[in-house]
2 protein chains.
Amino acid sequence: MSPRRIDPKLTTALLEAAASLVAEEGVAGLTTRRLAAAVGTSTTAVYTHFGGMDNLVRAMVHEGFARLHRRMSTVRATADAVADIMALGTAYRANALDHPQLYQVMFGSAALGGFAITDGDRQHGRYTLQPLVEAVARATEQGRFRPGDPLLVAQTMWIALHGLVSLELGGYLTDPYDADVCFEAQLCSLMVGAGDDHEAACLSSRRARRRRSAHA
Amino acid sequence: MSPRRIDPKLTTALLEAAASLVAEEGVAGLTTRRLAAAVGTSTTAVYTHFGGMDNLVRAMVHEGFARLHRRMSTVRATADAVADIMALGTAYRANALDHPQLYQVMFGSAALGGFAITDGDRQHGRYTLQPLVEAVARATEQGRFRPGDPLLVAQTMWIALHGLVSLELGGYLTDPYDADVCFEAQLCSLMVGAGDDHEAACLSSRRARRRRSAHA
DNA sequence: CACGTTACGTAACGGTGTTACTCAATCAAC
DNA sequence: GTTGATTGAGTAACACCGTTACGTAACGTG
């Protein structure tokens, strides 16, 4: 009654090989044949393990969201909640720059590559905002931000941050102001937009930058 | 010495057919064979007219930027420069929603679909910001914004707006706050972030909304 | 040990972008 | 008006893609 079991090692091997293929040449470089060759198996393995390329990409996206969540969770809360928010933004951007191709698959509205990402997959990445929402709530309690729903404020910040990362990865932020300058300007604008004082925001920005260099 | 000339009608016919193919089914639906069939020609025509699919997509992107620029240029300057900026943002978003697939090709860092967009193509879309830069300069002169480089401020706004549109098209803005709510919140946050008073920004927002409904 | 179940390899199908090769249509020159 | 060079566009092929029907061999159970 119990037949040959699926090999979990092969599943993870496929995922890892797919990740490095995508990391090296983007989604366009991810093909069943090259994937099978990299793992030393056959193309049908992709179907027994995932049921097609779409699901494999979906699994990669889940892994990407998990990694992003892990990275955002490493940011510790301090007395300066605004600086915490900036540190979270820095972590978000750093994760995207470390895995640019994966980020584009996660948020590139994957219709482009032909791969389908379901609504469920998108919702799966929603809890990633949790640390940001909490930091915004703390900044609001501390009187740095105007009263308002922390979720909406956090979502506004996430949207702007995604715009920055997306355009940076696309190579659009080079002209007179490079991505670093735009990032700092964006963070400051977001804090002031949420209600913080401009000078206080600049001060928190310096604090967050110091924290970042201390990490390195 | 003078041979058979290229047919300009076929060039535009190819572009139009490609545009409607992309509009209907995304970049994935744009193939040489289907394109040739739609125009009633052969696949080689794509190569004599454009030199490959990449260049055809590039031409479509140029057209997309031109259309975006045209649409942004229809926004007239009024006494309320902040309301003008919001109207520009509305025009930007409306254009993206009218041509979602094209927008994704323009800014989706087209490496995803396998098509290549050069740095020159990206710079080509830079002048689109011009109307926004001017409106920001006027808002700064009027004392609504903190003193600063209008280009950097405009670029910050563009980045955030792109983030909103990108996530909206990707279907990420549904949960508790839909895209409309996020858009209004984003605009208000941007104005306040640039230095405007919060209540003044809300007032200008209402003014811009009235202007929009007057257009319809 | 034998059986049933199922993962995996082989090979094929229909699709893709791209390109030699060919032909026919055009315009310049006389 | 005829000729001839030039070149756009059609045919067919190549290599590649995702996917799948089929066969086989390996496994867990009885």
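Taking each heavy atom of A:V75 and A:A91 in turn, the nearest pair found is CG2-CB, 4.1 Å. Nearest heavy-atom pair, B:I6 versus B:P8, reported as atom, atom and distance to 0.1 Å: O-CD, 3.3 Å.
Side chain of B:I6, nearest nucleotide from C:dC8, D:dG8, D:dG18: D:dG8.
Summarising the geometry, the separation between CG on A:L14 and C1' on C:dA7 is reported as 13 Å, rounded to the nearest angstrom. One interatomic measurement links the two molecules: CZ of B:F50 to C1' of C:dT19, which rounds to 19 Å at whole-angstrom precision. The CG atom of B:L21 sits 15 Å away from the C1' atom of C:dG17 (whole-angstrom rounding). Atoms NE2 (B:H49) and C1' (C:dT18) sit 17 Å apart, rounded to a whole Å. Between the CG atom of A:L56 and the P atom of D:dT19 there is a distance of 10 Å, rounded to whole Å. For the pair A:L35 CG and D:dC16 P, the interatomic distance rounds to 17 Å; values are reported in whole Å. A straight line from CE of A:M53 to P of D:dT19 spans 7 Å, rounded to a whole angstrom. For the pair B:Y47 OH and C:dT18 P, the interatomic distance rounds to 3 Å; values are reported in whole Å.
Contact between the side-chain N/O atoms of B:T44 and the OP1/OP2 oxygens of D:dT11 is not found at any separation under 4.0 Å. Distances shown here put a side-chain N or O of B:T48 below 4.0 Å from the OP1 or OP2 atom of D:dA9. For the pair B:T32 and C:dG17, the criterion of a side-chain N or O lying under 4.0 Å from OP1 or OP2 is met. Distances shorter than 4.0 Å separate some side-chain N or O of A:T41 from OP1 or OP2 on C:dG9.
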Solution key, residues 182-189 of chain A side-chain donor-acceptor pairs under 3.5 Å, sequence neighbours excluded:
from: A:E184; atom 1: OE1; to: A:S205; atom 2: OG; distance (Å): 3.2
from: A:E184; atom 1: OE1; to: A:R209; atom 2: NH1; distance (Å): 3.0
from: A:E184; atom 1: OE2; to: A:R209; atom 2: NH1; distance (Å): 3.3
from: A:Q186; atom 1: NE2; to: B:T156; atom 2: O; distance (Å): 3.4

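Looking only at distances, no side-chain donor or acceptor of B:D84 sits under 3.5 Å from a matching main-chain atom of B:A77. Judged by distance alone, the side chain of B:S204 and the main-chain N or O of B:A201 form no donor-acceptor pair under 3.5 Å. Checked by atom type and distance alone, the side chain of A:D178 pairs as donor or acceptor with a backbone atom of A:V181 at under 3.5 Å.
For the helix from C:dC1-D:dG30 to C:dC30-D:dG1, the axis fitted to the five pairs at one end and the axis fitted to the five pairs at the other end meet at an angle of 0° (nearest 10 degrees).
For the pair A:R70 and A:E63, the salt-bridge criterion is met [side-chain N within less than 4.0 Å of a carboxylate O].
In the interface, the side chain of A:R33 is paired with the base of D:dG18 through a donor and an acceptor atom under 3.5 Å apart.
Residues A:T43 and A:R34 both approach DNA chain D. Their nearest nucleotides, taken by heavy-atom distance, put A:R34 toward the 5′ side.
Heavy atoms of B:T31 sit under 4.0 angstrom from primed sugar atoms or phosphate atoms, though from no base atom.
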